[in-house]
Amino acid sequence: MNKRMAELGLCSRREADDWIAQGWVKVNGEVAPMGLQVLPTDRIEVERVAQGFQEQKVTILMHKPMGYVSGQAEDGHTPAVALINPRTHWREDPSRMRFSPPQLRGLAPCGRLDIDSVGLLVLTQDGRVARQLIGEDSDVEKEYLVRVQYGDVALNVQDAFPADQLARLCHGLALDGQPLKPARVDWQNPEQLRFVLKEGKKRQIRRMCELVGLKVVGLKRIRIGRITLGNLPVGQWRYLGAHEKF
């Protein structure tokens with residue numbers, strides 16, 4: 001039951017279990033018990049009270065600075081969620097929402113952004129958003145600007161870097177014994193590449209570059225799906241607006 005509700009985009013599997021336990025879910029007009037097996041033809045209805053709880057959940061867009069980890073605190077490093085407070089809320093946020101401490105409960109990052117990388121980080125309380133961005137079947141693009149060196153070459157790297165190796169970055173590399181999905185990689189200027197990926201393995205871009213002899217000296221995520229970093233200042237955050245979709 002919970003799997004089917006997640007597949008329909010109604011909620012996350014955890015939320016589904018909570019709603020079923022509260023008696024907020026009906027199947028074919030009957031209140032659903034926990035563990036119910038359903039068929040694709042079964043009609044699933046959710047009480048409005050559950051939808052109301054869901055609408056109160058926030059999704060936050062942050063311009064993560066260097067030196068912060070995207071997830072749980074580790075090795076003495078501060079998690080990015082520690083930056084979310086009224087003082088760091090972007091003054092030009094078009095959303096009318098106001099910050100309140102309950103918005104931090106269950107707020108989790110949707111995808112990695114390494115401690116030495118900067119740019120767009122999404123944190124959400126909404127299981128639907130998390131599934132869309134990091135679920136097994138996620139197909140959402142992530143776009144990065146990546147400054148690189150090639151051996152001792154730090155200027156005009158584009159001229160020194162072989163075209164066949166650029167083609168390998170687009171398709172043909174493997175990490176952890178698994179082939180990578182095709183990517184779009186092209187030069188933005190002589191020292192900077194643009195990567196567009198549909199997956200997010202640990203330190204993926206840095207490891208991809210190492211495989212073709214490049215060293216990453218700067219990495220910034222500028223887009224996730226249809227949401228761009230835009231003018232959001234470093235270290236500040238804003239709400240995902242009701243009209244915005246990934």
Side-chain angles (χ1 to χ4, degrees), residues 1-61 70-72 95 97 102-113 120-143 170-171 173-184 195-202 204 221 223-228 239-246:
M1 178 71 175
N2 60 8
K3 182 179 180 182
R4 179 61 179 157
M5 290 175 67
E7 289 172 348
L8 291 171
L10 297 173
C11 58
S12 69
R13 294 180 71 166
R14 181 178 297 177
E15 286 172 327
D17 286 338
D18 290 342
W19 294 0
I20 294 166
Q22 293 285 347
W24 293 342
V25 180
K26 292 182 179 180
V27 175
N28 301 325
E30 300 291 333
V31 175
M34 292 295 292
L36 179 67
Q37 299 293 317
V38 294
L39 299 172
T41 53
D42 287 328
R43 187 179 77 257
I44 298 174
E45 300 171 278
V46 176
E47 296 286 348
R48 294 194 62 158
V49 63
Q51 296 171 351
F53 274 101
Q54 200 169 50
E55 289 168 2
Q56 295 172 18
K57 295 187 175 182
V58 300
T59 295
I60 284 174
L61 311 174
S70 53
Q72 297 294 321
S95 169
M97 296 186 68
Q103 293 170 356
L104 296 175
R105 294 178 192 153
L107 192 65
C110 295
R112 300 182 180 90
L113 195 58
L120 182 59
L121 179 67
V122 177
L123 303 103
T124 189
Q125 295 177 316
D126 192 332
R128 296 170 302 174
V129 173
R131 178 182 172 85
Q132 183 183 6
L133 299 187
I134 58 175
E136 292 180 5
D137 55 351
S138 175
D139 203 34
V140 176
E141 289 185 344
K142 291 92 174 175
E143 183 174 349
C170 294
H171 190 47
L173 297 178
L175 292 176
D176 306 321
Q178 297 289 328
L180 296 175
K181 294 180 180 179
R184 299 205 310 272
F195 278 71
V196 179
L197 307 179
K198 288 190 175 182
E199 57 191 332
K201 295 183 181 294
K202 188 173 183 180
Q204 178 170 336
R221 183 159 62 203
R223 179 175 65 87
I224 298 177
R226 287 173 282 186
I227 303 300
T228 61
Y239 294 104
L240 180 73
H243 64 287
E244 293 182 299
K245 305 295 180 186
F246 289 99

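Note that the structure is a prediction, hence the values are computed from the model and not measured.
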Heavy-atom check, side chain of [X] versus side chain of [Y], under 4.5 Å:
{"X": "Lys202", "Y": "Asp176", "value": "no"}
{"X": "Met97", "Y": "Gln103", "value": "yes"}
{"X": "Ile60", "Y": "Val122", "value": "no"}
{"X": "Glu143", "Y": "Leu120", "value": "no"}
{"X": "Val129", "Y": "Lys57", "value": "no"}

Expected output: side-chain Arg105 to main-chain Leu107 donor-acceptor under 3.5 Å: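 Not a single qualifying donor-acceptor pair exists.
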As an exercise, state the distance from [atom1] of [X] to [atom2] of [Y], rounded to the nearest 0.5 Å.
{"X": "Ile224", "Y": "Glu141", "atom1": "CD1", "atom2": "CD", "answer": "12.0 Å"}
{"X": "Gln204", "Y": "Leu197", "atom1": "CD", "atom2": "CG", "answer": "5.0 Å"}
{"X": "Thr228", "Y": "Arg226", "atom1": "OG1", "atom2": "CZ", "answer": "12.5 Å"}
{"X": "Leu121", "Y": "Arg112", "atom1": "CG", "atom2": "CZ", "answer": "12.5 Å"}
{"X": "Thr59", "Y": "Leu123", "atom1": "OG1", "atom2": "CG", "answer": "9.0 Å"}
{"X": "Leu240", "Y": "Asp126", "atom1": "CG", "atom2": "CG", "answer": "9.5 Å"}

[X] to [Y] - nearest heavy-atom pair and separation:
{"X": "Ser138", "Y": "Arg131", "result": "CB-O, 4.3 Å"}
{"X": "Glu244", "Y": "Tyr239", "result": "OE1-O, 4.0 Å"}
{"X": "Ser70", "Y": "Leu113", "result": "OG-N, 3.3 Å"}
{"X": "Leu133", "Y": "Cys110", "result": "CD1-CB, 3.8 Å"}
{"X": "Gly71", "Y": "Pro109", "result": "CA-CG, 3.9 Å"}

Could you please spell out the steps behind the side chain to side chain contact (heavy atoms under 4.5 Å, CB included) verdict for Asp42 and Arg4? CA-CA 10 Å; Asp42 287 328; Arg4 179 61 179 157; over 6 Å; no
Are there over 12 heavy-atom neighbours, none belonging to Lys26, within less than 6.0 Å of that residue's NZ?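 No, because the 6.0 Å sphere around NZ of Lys26 holds 12 heavy atoms or fewer from other groups.
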Run the side chain to side chain contact (heavy atoms under 4.5 Å, CB included) test on Val38 and Met5 for me, step by step, so that the C-alpha distance in whole Å, both residues' side-chain angles and the decisive distance to 0.1 Å come before the verdict. CA-CA 10 Å; Val38 294; Met5 290 175 67; over 6 Å; no
